[in-house]
Asker: 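Provided herewith is a single structure, encoded as structure tokens, for subsequent inquiry.
Every chain is numbered from 1, with letters handed out A, B, ... down the list of sequences. This is a predicted model, so every value here is computed, not measured.
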There are 2 protein chains.
Amino acid sequence: MPGKITLQAEPCPVARALDVIGDRWSLLIVRNAFDGMGRFGDFQKGLGIAKNILSDRLHKLQLQGILEAVPATDGSAYQDYVLTAKGEALFTLIVSLRQWGEEYLFDKNEPRSLLLEKQSGKAIPKMEARSANGRKLNASNTLVRKIDR
Amino acid sequence: MPGKITLQAEPCPVARALDVIGDRWSLLIVRNAFDGMGRFGDFQKGLGIAKNILSDRLHKLQLQGILEAVPATDGSAYQDYVLTAKGEALFTLIVSLRQWGEEYLFDKNEPRSLLLEKQSGKAIPKMEARSANGRKLNASNTLVRKIDR
DNA sequence: CCGTATCCATTCCGATACTG
DNA sequence: CAGTATCGGAATGGATACGG
């Protein structure tokens with residue numbers, strides 16, 4: 001009896017996170033929500049996603065507490081989907097994805113969308129992991145301790 | 001004629017990145033590669049992934065230039081799968097995933113694996129996006145410029 | 001031990017029709 | 001416009017058999 005296996009019992013936070021947002025569409029919906037998008041039809045047209053899939057993902061993201069449905073601001077009978085704190089916390093993840101994609105998935109002069117600081121209009125410097133002492137970290141100077149507590 | 005649509009023509013780096021590594025297993029394989037794992041059987045047992053799927057993902061990750069197959073160090077006739085520079089660059093993304101998962105997907109005292117700095121043995125502080133001037137960034141003080149160049 | 005190939009169930013996804 | 005329902009095809013995934 002095949003079928004998907006849940007990773008929610010895994011002790012690794014990476015595995016659990018991927019179980020929640022590791023699919024084709026969820027993070028794209030979140031990305032658009034960061035850009036201020038909130039309406040069903042805007043997600044649907046903006047992403048080119050099928051409506052039934054969008055409906056399913058919006059429900060799952062609400063179940064996970066990443067999005068929240070609030071009454072639409074335009075007075076219509078419908079809803080806006082807005083990020084919760086848990087959803088807002090995905091900002092660094094989205095920026096990581098964006099910066100990796102920018103560096104490795106585009107040809108030299110290929111058109112792309114850019115993330116800028118509003119105040120200065122300048123591009124965002126590459127994020128990096130640092131230790132408490134400010135040392136730059138990579139795989140070779142870090143270590144995963146298998147289990148804890 | 002249904003089926004998957006490629007996002008590789010998208011001008012958004014987030015979309016392209018998700019098209020490459022936005023699935024259930026690819027980043028878990030990369031995570032284990034960061035931990036020094038390199039052999040087919042180790043991935044298979046360590047992840048609990050079906051062998052055919054693992055075989056498929058290893059091929060795709062090689063096609064993408066994220067993993068590279070090298071002769072096994074133990075003198076066997078087989079291969080080790082090691083990260084390329086493009087793959088190593090996924091480190092910040094994995095750390096972002098891990099830190100989000102740690103904060104939002106575990107109960108208070110639930111066992112989990114932890115990422116530590118080797119030298120100090122201490123946990124890695126939360127990564128954050130900052131502007132060139134050191135200002136802390138979030139969705140409200142950044143902006144995506146639709147197209148460029 | 002390393003991987004590929006095959007089988008089958010489940011999931012994903014796109015298209016479309018439909019309700020309110 | 002917002003969302004659900006249904007259909008068919010494609011991709012995913014687990015189990016297992018098989019050859020190197």
Asker: Among the nucleotides C:dC13, D:dT12, D:dA17, which one has an atom lying closest to any side-chain atom of B:Lys51?
Answerer: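 Of the candidates, D:dA17 comes closest.
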
Asker: Which nucleotide sits closest to the side chain of A:Tyr78: C:dC2, D:dT4, D:dC1?
Answerer: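 Nearest nucleotide to the side chain: D:dC1.
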
Asker: If you only use heavy atoms from C-beta on, which nucleotide in D:dT4, C:dC2, D:dC1 is closest to the side chain of A:Ser55?
Answerer: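 Closest nucleotide among those given: D:dT4.
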
Asker: Return yes if some donor-acceptor pair links the side-chain N/O of A:Asn141 with the main-chain N/O of A:Asn138 below 3.5 Å, else return no.
Answerer: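 Present.
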
Asker: Among C:dC13, D:dC1, D:dT12, which nucleotide has an atom closest to any side-chain atom of A:Ile53?
Answerer: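 Of all the options, the side chain of A:Ile53 is nearest to C:dC13.
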
Asker: Under 4.0 Å: is that the gap between some side-chain N or O of B:Trp25 and OP1 or OP2 of D:dG13?
Answerer: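 Indeed, a polar side-chain atom of B:Trp25 lies that close.
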
Asker: So do A:Leu105 and B:Val20 actually touch side chain to side chain, heavy atoms under 4.5 Å?
Answerer: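 Answer yes - side chains close enough.
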
Asker: Choose from C:dC1, D:dG13, C:dG14 the nucleotide whose nearest atom is closest to any side-chain atom of B:Arg24.
Answerer: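 Among the listed nucleotides, the one closest to the side chain of B:Arg24 is D:dG13.
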
Asker: Rounded off to whole Å, could you give me the CG-to-P distance for the A:Leu47 and C:dC13 pair?
Answerer: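 Between P of C:dC13 and CG of A:Leu47: 12 Å.
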
Asker: Can you tell me how far P of D:dA15 sits from CD of B:Gln44, to the nearest Å?
Answerer: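 B:Gln44 atom CD is separated from D:dA15 atom P by 10 Å.
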
Asker: Specify the separation, in whole Å, of atom CG of B:Leu54 and atom C1' of D:dT12.
Answerer: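 Answer to the nearest Å: 14 Å.
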
Asker: OP1 or OP2 of C:dC2 sitting under 4.0 Å from any side-chain N/O of B:Arg39?
Answerer: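 B:Arg39 to C:dC2 OP1/OP2: side-chain N or O found under 4.0 Å.
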
Asker: Could you work out which one of D:dT12, C:dA15, D:dA15 sits closest to the side chain of B:Arg57?
Answerer: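 Within the option list, the nearest is D:dT12.
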
Asker: Measure the distance from CD1 on B:Ile29 to C1' on C:dG3 and round it to the nearest whole Å.
Answerer: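 Between C1' of C:dG3 and CD1 of B:Ile29: 14 Å.
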
Asker: Quickly work out the B:Asp23 CG to D:dA11 C1' distance and round it to whole Å.
Answerer: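 Taking CG of B:Asp23 and C1' of D:dA11, I get 11 Å after rounding.
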
Asker: Whole-Å distance between D:dG3 P and A:Phe43 CZ?
Answerer: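 Interatomic distance, CZ of A:Phe43 to P of D:dG3: 11 Å.
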
Asker: Using a cut-off of strictly less than 4.0 Å, decide whether A:His59 has a side-chain nitrogen or oxygen near OP1 or OP2 of D:dG3.
Answerer: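 Result: no.
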
Asker: Provide, to the nearest angstrom, the distance between the CG atom belonging to A:Asp80 and the C1' atom belonging to D:dA2.
Answerer: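 It is 12 Å, rounded to the nearest whole Å.
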
Asker: On DNA chain C, compare the nucleotides closest to A:Ile49 and B:Gly41; which residue's is nearer the 5' end?
Answerer: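 Checking each residue's closest nucleotide, the 5'-ward one belongs to B:Gly41.
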
Asker: Does the base of C:dT6 carry an N or O that pairs as donor and acceptor with the side chain of B:Asn52 under 3.5 Å?
Answerer: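 Indeed there is one.
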
Asker: To the nearest Å, give me how far apart CG (A:Leu67) and C1' (D:dG3) are.
Answerer: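 Taking atom C1' of D:dG3 as the reference, CG of A:Leu67 is at 16 Å.
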
Asker: Is B:Val82 reachable from B:Leu47 through a run of I, L, V, M, F, W or Y residues, each pair having side-chain heavy atoms under 4.5 Å apart?
Answerer: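 B:Leu47 and B:Val82: separate clusters.
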
Asker: For a quick check of understanding: with a heavy-atom distance under 4.0 Å over all strands, which category does B:Tyr81 fall into, base, sugar-phosphate or nothing?
Answerer: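 Sugar-phosphate contact only - B:Tyr81 comes under 4.0 Å of backbone atoms but never of a base.
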
Asker: Considering only NZ, NE, NH1 and NH2 on the basic side and carboxylate oxygens on the acidic side, decide whether A:Glu110 and A:Arg112 come within less than 4.0 Å.
Answerer: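 Answer for the salt bridge query: no.
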
Asker: Do A:Leu137 and B:Leu114 land in one hydrophobic cluster if side-chain heavy atoms of ILVMFWY residues count as linked below 4.5 Å?
Answerer: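 They do not share one cluster, since no chain of ILVMFWY contacts under 4.5 Å joins A:Leu137 to B:Leu114.
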
